[in-house]
Number of protein chains: 2
Amino acid sequence: MNKPATIKDIARQLNISISTVSRAMRNAPDVNIETRKAVMALSEELNYQPNKLALSLKQKQTHNIGVLVPNLDYVLATMVKGIDEVALEAGYTVMVCQSNESFGREIVNMRRLLDSLVDGFIISVSSETKVFDHFRKIQEKQMPMVVFDRMTPFLQAPGVRIDNEDGGFQATEHLIEQGYKRIAILAGPKNLGISNERLDGYLRALKKYKMKPDQDLIIYCDFNQHYAYLATQELLQMKKRPDAIFTISDRMAIGAMLAIKEKGLRMPQDIGLVGFNNEPVVSLVTPGISSVDQPAFELGKIAAKLFIETMHNESDMSHVEEVLKVKLIVRESSQRIVTKNGRTK
Amino acid sequence: MNKPATIKDIARQLNISISTVSRAMRNAPDVNIETRKAVMALSEELNYQPNKLALSLKQKQTHNIGVLVPNLDYVLATMVKGIDEVALEAGYTVMVCQSNESFGREIVNMRRLLDSLVDGFIISVSSETKVFDHFRKIQEKQMPMVVFDRMTPFLQAPGVRIDNEDGGFQATEHLIEQGYKRIAILAGPKNLGISNERLDGYLRALKKYKMKPDQDLIIYCDFNQHYAYLATQELLQMKKRPDAIFTISDRMAIGAMLAIKEKGLRMPQDIGLVGFNNEPVVSLVTPGISSVDQPAFELGKIAAKLFIETMHNESDMSHVEEVLKVKLIVRESSQRIVTKNGRTK
DNA sequence: TTAATTCCCGATAACGTTACCGGCAACGCT
DNA sequence: AGCGTTGCCGGTAACGTTATCGGGAATTAA
């Protein structure tokens, strides 16, 4: 009972050939019912487990999905959970690798998995990534690849994302409706798609209300709390400081909030604030921060479904792009006009 | 260029045997320098990638580590990051599988990975798990296994955890020093080790200060925010309600905080609150919640190191148990006595 | 010159599995 | 009786790699 039992052991003990055992095991035709029973019984007794490696080597597929993510924060962890759910159901095992937003780690992780460990990839690109050659290798190998959340025009692949532009629009329009006049945006890194899309929504909202965008109020900064804190400090020291800030992530909103509080300004009276993601934390801080809610779990599930479709489908799906709706959740940080029932009109 | 290049292709094109190519590739002796150069050059040109499956099949090891976690919340994600860091460095790829705190999923995930996909496991058990037979299979196969964070006496395996008992003690002693008299504890599920250890610390602190534990103030409840919220509501409706609450996780502390605020009680004046984990969120809410800080990232790294040691070490390491220090971080939620410099004595 | 040593290399088996082909009975049909 | 069909099974190659062995040529030692 030391070495794990193999198909050969069963064949030898039953005095039949390994081919027959193999057939019996996977319910193939051309095998007598009695023989099958005997094989099943013995395999049970020997606690036989088919060797996945050998199988994968033979039929050149692993039934593993490589999931490449830049980190495992709340949103991505939720998405991964969605992926996991669907993948498991479909008989796939997922290998999650996080790159820590590092370009180098992203490449290393990818190459590792690429070496015949997975059948394909579900990817959300790192914010550091500006070059996409390593992903091309996946496509060269004809491997299925699905991108999610953070997409990029440089990759021809099916994908699913949220309507970032609309999210940016909803957030900005809401601030305008609340009477804010000088609305700043903390956009993320310049090369990140979601960053620019949310910025586009911001710009469209300004345009709709005939407000002129002010370059001084459009801040690009790294996707994290501390940089948002610093950027907000600078914003608040301007002669004509903004009276509202839209940050493209909740983490950044938290940073902004800290700077605002430190300055002694009140939300929403002195300054309005809206974030993005609707992470649990924004409803816990005081004041609660308005934020654009996105269906992260659902998005993960769709990503996995797309992957499986791509696997089983011969036709080119690289043009497929699912876009999920988002919805602004209004909280105290931006709600100046209060109606009778406590909601904005 | 469609099919990936193999060692055979190189051999054929160079008119040498596959053995020689194999040797050349892995810097084995017995190969001429010229030959090696030629092999290297051609393998570069053909973009050759050794097939990990074949290699694993041959030498019966995969260089993969299966990491089984109950979820991917902040603390565990941080630990996984630590594992990842060390594992990658040592040439291992990690496969993260989350069980969603479900016993069934834990088993499914484990069996998947067990079928020759990984060389061993690093495990944090699900809170639902009361039976550990499935883990025994790992040991039967002589596979290395390391447990982390959530340990259990039912598994003989090396592990690393934090000093939960001391954490519970620090938190409770602090509350006592702040003059709280009726200190409740929201403990987690009864079968969870970390839950009981933190409770033990709580009890030891009470004993040290000659305070009698009150069974009505010891609440077992599920490890999540909502149940903590409900439990706190009940606590606050008692005739002799507690004047402080220690929750064994920050998520539960948040739930408690919500119930406390709803009741209109002030922290720390009317009631004190201390959590566990020191997640970022506790410093963001108002008032900031005191919490026991644990070195999650470090813990992950040590878990991975233990694993690698176990791999390379023939001797039995199942008795090894590393315990990491924790440290209470005091915030407004529990700080009644303020000294000149704003710290407790 | 001969023997011993070193340097390279190739052939083969093996890891555990499946796919393909061929073959031998037994059976049914004309 | 002869023929095709069906049911069942075994042998073999292959997936891509490494380990083991053996052996020939070249170099060195005696």
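Residue numbers start from 1 in every chain, and the chains themselves are labelled A, B, ... in the order their sequence lines are given, proteins ahead of strands.
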Worksheet item: Looking across every strand, which nucleic acid part, if any, lies under 4.0 Å from I16(B) by heavy atom: base, sugar-phosphate, or nothing?
Response: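 Counting heavy atoms under 4.0 Å across all strands, the contact made by I16(B) is with sugar-phosphate only.
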
For [X] and [N], what is the distance between atoms [atom1] and [atom2] respectively, to the nearest whole Å?
{"X": "N51(B)", "N": "dC15(C)", "atom1": "CG", "atom2": "C1'", "result": "13 Å"}
{"X": "I18(B)", "N": "dA13(C)", "atom1": "CD1", "atom2": "P", "result": "12 Å"}
{"X": "D115(A)", "N": "dG16(D)", "atom1": "CG", "atom2": "P", "result": "14 Å"}
{"X": "H63(B)", "N": "dT17(D)", "atom1": "NE2", "atom2": "P", "result": "17 Å"}
{"X": "N15(A)", "N": "dG11(D)", "atom1": "CG", "atom2": "P", "result": "11 Å"}
{"X": "R12(B)", "N": "dT17(D)", "atom1": "CZ", "atom2": "P", "result": "12 Å"}
{"X": "I7(A)", "N": "dA19(C)", "atom1": "CD1", "atom2": "C1'", "result": "13 Å"}
{"X": "K52(A)", "N": "dT18(C)", "atom1": "NZ", "atom2": "P", "result": "13 Å"}

Can you find a donor-acceptor N/O pair under 3.5 angstrom joining the side chain of [X] to the base of [N]?
{"X": "K58(B)", "N": "dT18(D)", "result": "yes"}
{"X": "S17(B)", "N": "dA11(C)", "result": "no"}
{"X": "T6(A)", "N": "dG16(C)", "result": "no"}

Practice prompt. Find which nucleotide of DNA chain D each of V21(A) and L57(B) is nearest to by heavy atoms, and output the residue with the more 5' nucleotide.
Written response: V21(A)

Discussion item. Give the residues of residues 23-32 of chain B touching DNA chain C, defined as any heavy atom closer than 4.0 Å, sorted by residue number.
Written reply: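 Per residue number, the list reads R23(B), D30(B), V31(B), N32(B).
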
Fill in: Under the salt bridge (Lys or Arg N to Asp or Glu O under 4.0 Å) test, residues paired with D133(B) that sit two or more places apart
R136(B)

Practice prompt. Assign the ring pair Y92(A) / H63(A) to parallel, tilted or perpendicular, where the plane angle (0 to 90°) is split at 30° and 60°.
Written response: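 Judged by the thresholds at 30° and 60°, the geometry between Y92(A) and H63(A) is tilted.
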
Worksheet, complete the sentence: Interatomic distance, CD1@I194(B) vs CE@M151(B), rounded to 0.5 Å, equals 11.5 Å

Measure across [X] and [Y] and return the closest heavy-atom pair with its distance rounded to 0.1 Å.
{"X": "K52(B)", "Y": "S116(A)", "value": "N-OG, 3.1 Å"}
{"X": "A304(B)", "Y": "I122(B)", "value": "CA-CD1, 3.9 Å"}
{"X": "S102(A)", "Y": "S126(A)", "value": "N-OG, 3.8 Å"}
{"X": "S56(A)", "Y": "L53(B)", "value": "CB-CD1, 3.5 Å"}

Discussion item. Looking at E321(A), I want to see if its CD is surrounded by more than 12 non-hydrogen atoms of other residues, nucleotides or ligands under 6.0 Å.
Written reply: yes

Strictly below 4.0 Å: does [X] bring a side-chain N or O up to OP1 or OP2 of [N]?
{"X": "T35(B)", "N": "dC9(C)", "answer": "yes"}
{"X": "S19(A)", "N": "dG11(D)", "answer": "no"}
{"X": "K60(B)", "N": "dG16(C)", "answer": "yes"}
{"X": "K8(B)", "N": "dA14(D)", "answer": "no"}

Worksheet item: Which residue, R36(B) or L55(A), contacts DNA chain C at a nucleotide closer to its 5' end, judged by nearest heavy atom?
Response: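 Upstream on the strand: R36(B).
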
